[in-house]
Asks: 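Structure below; questions to follow.
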Number of protein chains: 2
Amino acid sequence: MPEDRPHTRGPVPHGHVTLADVARHAGVSAQSVSNALNNPARVAPQTRERILAAVDELGYLPNRSARALRNQRSRLIGVRVEASRDDRAALLLDQFLHALAESASANGCHLILCQADDEVEEVAAYRELLGTTSVDAFVLTGAHAGDARVAALRDLRVPFATFGRSWDGDTDLAWTDVDGRHGLYVATSHVAAQGHRRIAHVGWPGSSDTGRDRLAGWVEACKDLSLDTDLHAEVADDFEEGRRAAHQLLDLAEPATAITCASDTLALGVCRALAERGLRAGPDVAVTGFDNSPAAALSTPGLTSLRQPLEQVAHDLVTAVEALVNGATEPHQSLLRPELVVRGSSLRGPTD
Amino acid sequence: MPEDRPHTRGPVPHGHVTLADVARHAGVSAQSVSNALNNPARVAPQTRERILAAVDELGYLPNRSARALRNQRSRLIGVRVEASRDDRAALLLDQFLHALAESASANGCHLILCQADDEVEEVAAYRELLGTTSVDAFVLTGAHAGDARVAALRDLRVPFATFGRSWDGDTDLAWTDVDGRHGLYVATSHVAAQGHRRIAHVGWPGSSDTGRDRLAGWVEACKDLSLDTDLHAEVADDFEEGRRAAHQLLDLAEPATAITCASDTLALGVCRALAERGLRAGPDVAVTGFDNSPAAALSTPGLTSLRQPLEQVAHDLVTAVEALVNGATEPHQSLLRPELVVRGSSLRGPTD
DNA sequence: CTGTTAGCGCGTTCAT
DNA sequence: ATGAACGCGCTAACAG
């Protein structure tokens, strides 16, 4: 019960339980309460007991702002949310954010969002968040070669980790990524096991490292299977582009009978093209995507795709930034394997 | 350039520009700088000029923690992210969060995330965020009748607004919702305009207010068109349930030739059922969904659906909580109309 | 109109 | 082992 001293200067009281309230309740000084919580070794076991009991009884929760002000650490991790596009499958941002929030929470952290429509705005948003000291670290998504955001954050000397490699051979970067090469190797092998020999790949332009990586998995599998590696298209990650590319691959003298794609968006565009030609995805032409987006499970037939282990990605990223915040010098890096989710679009038999 | 006074007590300096730095630079007191920024009327125009110049020159950004500590306001809005389910279309959470972050940003606020897997956990998360005074207000999604979260937040006396009505006739609640009734009226009218007379509705159980609302729109349209209103199913929001319901509606003596659904998830399940019977969505049976999720645009044929105006929803919600934070007593409420996005699944002619 | 004082809640330093 | 002082950066209240 707060005392009834008259309030003169400073903000109006808000009625929350403070360290001082706990101290009064336990009959000790505020510092001892602080120690009992943050530095248990410095306080006698019995005193500690009593203090913790008081903490519990009063339902004390430390004030985040006061702590941040004092410690120069907010325990907040900044993340950007970008606009999703209608012509692309979900960014999986909701799944990723959920996983990230969960991992952060397990580390006593929270996520603070910033919004930006391009990478220049994004850096500005980071700068603002950092300048107001409301953030300890950042998690970036979609890192790429020559990423200006990486350079900017380095410049600002703030800890961060990226979902996606920088592909610079940058050993100083903390990152987690999904092994697209392995994923496409698995997907290609899978459709080959269904008896396909004319297996195509619809991927992203060579300027995309991730695209090149996924392409490499397809090439590797084709070579291991003694298949041609000429059947591939490089297009933007766009439904229409996927559709168009499929039509071309099916117009060939020896048309593709299976098409592996770098994304669900492209794969669903391919499925559209098949339908337009009266072909069935699965029995006639096998199709695989990447991401296992909600659309993959809900389309007809179901789209075979590669599930990204987002929970693990999130865990690794949070671990990585926490380590950096705590002064680690060796950055965490991890490459995780996606998991093939087989649905009707790649099966000869009756669709699921 | 900070002076080289020896540092004794307190945390180590972090090198950020503070109010005091600006004051020194401009040759005024810290208070005047604060006033120049927050209370311009209280400072002489010329002084203000000089101060703002110094702010600009030094790149001063106010420290969020210090401000929050002093003002008892963090300018942070709490939002829960929940796990998405594989058997449902995207929650649109990414689009919603982006829009919300943008609106918040326009109000000088940021979003802080908390994660919870059910509504009990959710309340606990809110309580924690509030107890650590790291939040000014909350935005809830999916409010429903007898919502325990609403009761809990009221109890905590924290401002909040909900996406979704409480359906209690609660005039004290700040909410924004999308008019599902209107949406289904429009969708039903649309398929009727395509010549359909046996129009069904696959919706949620009567226990769902939102489900009842959408159903009512279908009923209303049917009555206005003198159509039967017996063709409807009440099922959980699940792909398989939609599929099953469609089979039943198509097994009738006078089968449905059009099926309007309460969600894209259900509609895509319906499309699956059609494919299983060798029927084409569009030319044979018209199908409409709700949400305009990414899967709707990317499936084949494209799924006609109702787009929720999420940017406006986000704007209204932020406006509503800001008003409450600033002491408004009259809660903002707004009901927005969804927009029909027509694609191949509801058209007789060639699919788009 | 401007400067001084004081304190928001916490944790490190120092003294006991 | 515990307590007192001090300051993180900011702003309301007051005095000049």
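Below, each value reflects all heavy atoms present in this structure, side chains not excepted, and no hydrogens, waters or symmetry copies. Here is the naming used below: chain letters follow the sequence lines, and residue numbers restart at 1 for every chain.
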Asks: Does some side-chain heavy atom of A/Phe138 sit less than 4.5 Å from a side-chain heavy atom of A/Leu156?
Replies: no

Asks: Hey, what bend do you get for the helix from C/dC1-D/dG16 to C/dT16-D/dA1 if you fit axes on five pairs at each end, rounded to 10°?
Replies: 50°

Asks: Can you tell me the distance, in whole Å, between the CG atom of B/Leu19 and the P atom of D/dA12?
Replies: 12 Å

Asks: Pick the nucleotide of DNA chain C nearest each of B/Ala66 and B/Gly27; which residue has the one closer to the 5' end?
Replies: B/Gly27

Asks: Would you mind telling me which of D/dT2, C/dT2, D/dG3 lies closest to the side-chain atoms of A/Val28?
Replies: D/dG3

Asks: Is B/Ser29 near enough to C/dT2 that one of its side-chain N or O atoms lies under 4.0 angstrom from OP1 or OP2?
Replies: no

Asks: Nearest whole angstrom, please: distance from the P of C/dC1 to the CZ of B/Arg50.
Replies: 14 Å

Asks: Check B/Val81 against A/Leu97 and note the closest heavy-atom contact, atom names and distance.
Replies: CG2-O, 4.2 Å

Asks: Taking the side chain as C-beta and beyond, is there a heavy-atom pair between A/Asn63 and A/Arg67 under 4.5 Å?
Replies: no

Asks: Has B/Thr18 got a side-chain N or O lying under 4.0 Å from the OP1 or OP2 atom of D/dG9?
Replies: no

Asks: Taking CZ from B/Arg64 and C1' from D/dG9, how many angstroms apart are they, rounded to a whole number?
Replies: 14 Å

Asks: Nearest to the side chain of A/Asn38, which nucleotide is it out of C/dG11, D/dG3, C/dC10?
Replies: C/dG11

Asks: Could you tell me which residues satisfy side chain to side chain donor-acceptor pair (under 3.5 Å) with B/Asp172, sequence neighbours excluded, listed by chain and number?
Replies: none

Asks: Quick one: does A/Arg80's side chain have a donor or acceptor within less than 3.5 Å of a partner on A/Cys114's backbone?
Replies: no

Asks: Ignoring the backbone of B/Ser32, work out which of D/dT11, C/dT12, C/dG3 is nearest its side chain.
Replies: C/dG3

Asks: Ignoring hydrogens and angles, tell me if any N or O in the side chain of B/Asp147 forms a donor-acceptor pair with the backbone of B/Arg149 under 3.5 Å.
Replies: yes

Asks: Does either side chain, that of A/Ser29 or that of A/Gln31, offer a donor lying less than 3.5 Å from an acceptor on the other one?
Replies: yes

Asks: Under 4.0 Å, heavy atoms only, any strand: does B/Asn35 hit a base, just the sugar-phosphate, or nothing?
Replies: nothing

Asks: Taking atom C1' of D/dG9 as reference, at what distance in whole Å does atom CG of B/Asn71 sit?
Replies: 11 Å

Asks: With the side chain counted from C-beta on, respond yes when B/Gln308 and B/Phe163 share a heavy-atom pair under 4.5 Å apart, and no when they do not.
Replies: yes

Asks: Between C/dT12 atom P and A/Leu69 atom CG, what is the distance in whole Å?
Replies: 13 Å

Asks: Please check if any side-chain donor atom of A/His98 sits under 3.5 Å from a side-chain acceptor atom of B/Asp117, or the reverse.
Replies: yes

Asks: Can a side chain N or O of A/Arg67 be found less than 4.0 Å away from OP1 or OP2 on C/dG9?
Replies: no

Asks: What is the distance, rounded to the nearest whole Å, between atom CZ of B/Arg70 and atom P of C/dT5?
Replies: 16 Å

Asks: Whole angstrom is fine here: how far is it from CD in B/Gln31 over to C1' in C/dT4?
Replies: 9 Å

Asks: Does anything in residues 105-114 of chain B come within less than 4.0 Å of DNA chain C? Heavy atoms only, and list the residues if so.
Replies: none

Asks: Which part of the nucleic acid, if any, lies within reach of B/Thr47 when heavy atoms closer than 4.0 Å are counted: base, sugar-phosphate only, or nothing?
Replies: sugar-phosphate

Asks: Send over the distance from B/Arg48 CZ to C/dT2 C1', rounded to a whole Å.
Replies: 16 Å

Asks: Would you find a donor on one side and an acceptor on the other, under 3.5 Å apart, between the side chain of B/Asp136 and the backbone of B/Arg75?
Replies: yes

